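Shown next, in structure tokens, is the structure this report addresses.
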Amino acid sequence: MTEANFESHVPAGPIEEKWDHHKFDVKLVNPANRRKFRVIVVGSGLAGASAAATLGELGYEVTMITFHDSPRRAHSIAAQGGINAAKNYRNDGDSVYRLFYDTVKGGDYRSREANVYRLAQLSVNIIDQCVAQGVPFAREYGGLLDNRSFGGAQVSRTFYARGQTGQQLLLGAYQALARQIHLGNVTLHERTEMLDLVIKDGKAVGVVTRNLVSGAVRSFSGHAVVLATGGYSNVFFLSTNAKNSNVTAIWRAHKRGAYLANPCFTQIHPTCIPASDDFQSKLTLMSESLRNDGQIWVPAQTDDPRSADQIPETERDYYLERRYPAFGNLVPRDVASRASKKEVDAGRGVGPLKNGVYLDLTGAISRLGRDVIDERYDNLMQMYERITGEDPYKQPMRIYPAVHYTMGGSWVDYNLMSNVPGLYVLGEANFSDHGANRLGASALMQGLADGYFVLPATIGDYLAPLLGSDPVPTDDPVFTQSEADVTDQVRQMLSVKGTRSVDWFHRELGKIMWEHCGMARSRESLEKALAEIPALREEFWRNVRVLGENESFNQSLEKAGRVADFLEFGELLCLDALQREESCGGHFRLEHQTEDGEAMRDDDNFSYVGAWEYKGADTAPELHKEPLEFEYAHPTQRSYK
């Protein structure tokens with residue numbers, strides 16, 4: 001365990017000057033000395049790839065670890081709709097300050113002001129960086145970059161590449177990374193999964209990994225460790241995340257002393273394809289960008305058996321436009337999701353299972369023409385038809401909320417370093433910027449801001465005093481002990497030889513999480529989850545059946561380790577949700593809502609970051625509180641009406 005280093009290190013001064021002053025105040029590493037430092041980057045998505053590429057360009061020796069067969073397979077590639085930036089190309093009133101304010105308000109006032117303002121500042125640099133890399137953002141007829149709107153904003157600030165923005169941005173970061181690999185500044189280890197963080201004298205000094213092809217356990221040593229491993233939505237089993245997305249890296253770091261902050265802040269995305277049966281293993285996102293031109297509605301009467309084209313306009317309820325006239329279909333995700341759930345629960349759901357609402361583009365097609373809709377959304381329309389067998393040009397899409405993104409994660413300070421010195425956490429893996437609800441098109445913005453700009457500017461402050469010291473050798477006892485711990489857990493999982501598959505346990509955990517800690521939570525439901533999860537975890541270690549062996553490519557073994565971590569982490573998530581006796585953003589407690597069903601915060605008692613410290617397997621975790629202060633975006637009851 002490490003001693004707590006629970007200081008946010010937010011610099012003093014006016015908010016618009018904090019970042020510039022901080023960059024001047026932090027220690028620097030001379031260009032000739034950077035090659036003397038080794039940095040380990042775990043994760044190859046937007047945050048990890050951009051960080052590794054930039055650190056390599058600066059001259060550091062970088063070791064990159066990814067469990068993918070190529071960095072291009074990272075889940076960032078699945079992001080569809082766009083990336084926010086306060087360029088104000090539309091001259092519609094946008095600014096750095098407005099993006100900052102929208103993000104703090106959208107997160108229901110549960111994020112650090114200084115971090116969010118820095119993110120808004122850096123957003124303009126991200127677009128310049130990506131354009132220079134050749135990212136093919138959509139352009140208007142005259143050649144200027146195009147923008148569209150996303151939820152929680154009344155301006156158009158979202159840059160996009162049709163419905164595949166994440167893919168194009170990741171390819172831009174990947175080509176920068178590939179150049180550094182070719183030059184020898186970055187060493188890439190594919191099909192390699194981090195299974196432990198190594199600590200010596202209270203500092204992060206390396207990681208222990210398992211090769212997913214050979215099963216070999218190996219240590220990597222460095223002066224600093226960077227985790228950029230994404231979010232934990234798959235704790236709910238059904239989510240929009242790739243099936244391999246997991247909590248293992250930040251959870252194993254948590255068990256070595258790194259605090260986990262606000263784990264109950266999970267985001268439900270309002271526009272996903274509804275589940276088609278009880279055996280589905282994944283859900284598919286339909287980009288929020290569709291809400292620019294699509295209208296969301298349900299039949300006005302309950303249990304309406306008619307198809308959409310048979311329901312006249314007068315018998316349709318465009319409930320988002322009715323409830324939130326100022327923002328309409330572009331309210332933030334948490335607001336839109338709860339509104340859709342309310343309609344379906346009231347018996348106005350559509351589709352074979354009555355578990356969806358309509359997202360209707362027919363009006364936009366009539367107004368703009370099919371060619372325009374094709375230019376904006378063609379790949380999304382094809383994806384929807386391929387999955388559902390329904391033509392969205394002829395009938396409305398069916399959508400329903402699903403778990404999508406996680407605002408919680410490892411606690412980090414202003415420098416993106418955790419409370420464990422030498423351990424940095426980037427992108428979705430940290431808690432930093434989005435509070436209790438992320439605005440659409442801000443995930444890509446944060447990942448690239450962290451990787452291209454923030455970490456390269458702040459990591460020198462930690463490394464500079466270490467000049468002249470070598471990384472801890474991998475034959476040091478701290479590494480050999482960690483390798484033994486990893487090997488023992490692998491052997492333990494293989495030796496159980498029970499009767500239940502890993503997927504069965506994962507699905508059962510997902511049912512508990514979604515039913516008791518999903519879109520709506522209560523003390524009763526959370527206490528029930530906290531009783532059921534330990535029992536399921538005990539059964540896992542007594543009755544799981546992991547097929548195959550360690551010394552080979554074994555996906556059953558891979559999944560077993562990740563599910564074992566989910567079974568521990570899920571309990572902490574529910575505990576965090578139970579202690580936060582308020583509703584804010586994606587965390588909606590039934591006991592704490594306004595008369596019209598909106599989230600009701602308790603700023604007097606819960607205006608803080610809740611950071612949990614691991615105290616041992618049989619000991620309750622300890623909650624640390626970082627107070628949140630709002631000097632610029634003063635907390636109010638959110639209203640999008």
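All values derive from a computational prediction rather than experimental measurement.
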Over all atoms of both residues, closest heavy-atom pair of A564 and W541: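 Distance-wise, the nearest heavy atoms are CB-CZ2, 3.8 Å.
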
Name of the residue among D433, T103, N84 meeting side chain to side chain donor-acceptor pair (under 3.5 Å) with S442: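 Going through the options one by one, the only one that passes is N84.
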
Short N-O contact, R38 and E61, less than 4.0 angstrom: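 Yes, R38 and E61 are salt-bridged.
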
Under-4.0 Å salt bridge between R73 and E190: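 E190 and R73: not salt-bridged.
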
Side-chain H-bond candidate by donor/acceptor type, [X] with [Y], under 3.5 Å:
| X | Y | answer |
| --- | --- | --- |
| D334 | Q267 | no |
| S44 | T66 | yes |
| S525 | E515 | no |
| D485 | Q481 | yes |
| S245 | N234 | no |

E581, CD atom: more than 12 neighbouring heavy atoms under 6.0 Å: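 Atom CD in E581 is packed in, count exceeds 12.
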
Cation-pi check, [X] onto [Y] ring (under 6.0 Å, within 45° of axis):
| X | Y | value |
| --- | --- | --- |
| K243 | F237 | yes |
| R580 | Y608 | yes |
| R562 | F67 | yes |

Euclidean distance, Y174 OH relative to I77 CD1, rounded to 0.5 Å: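 That separation rounds to 11.0 Å.
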
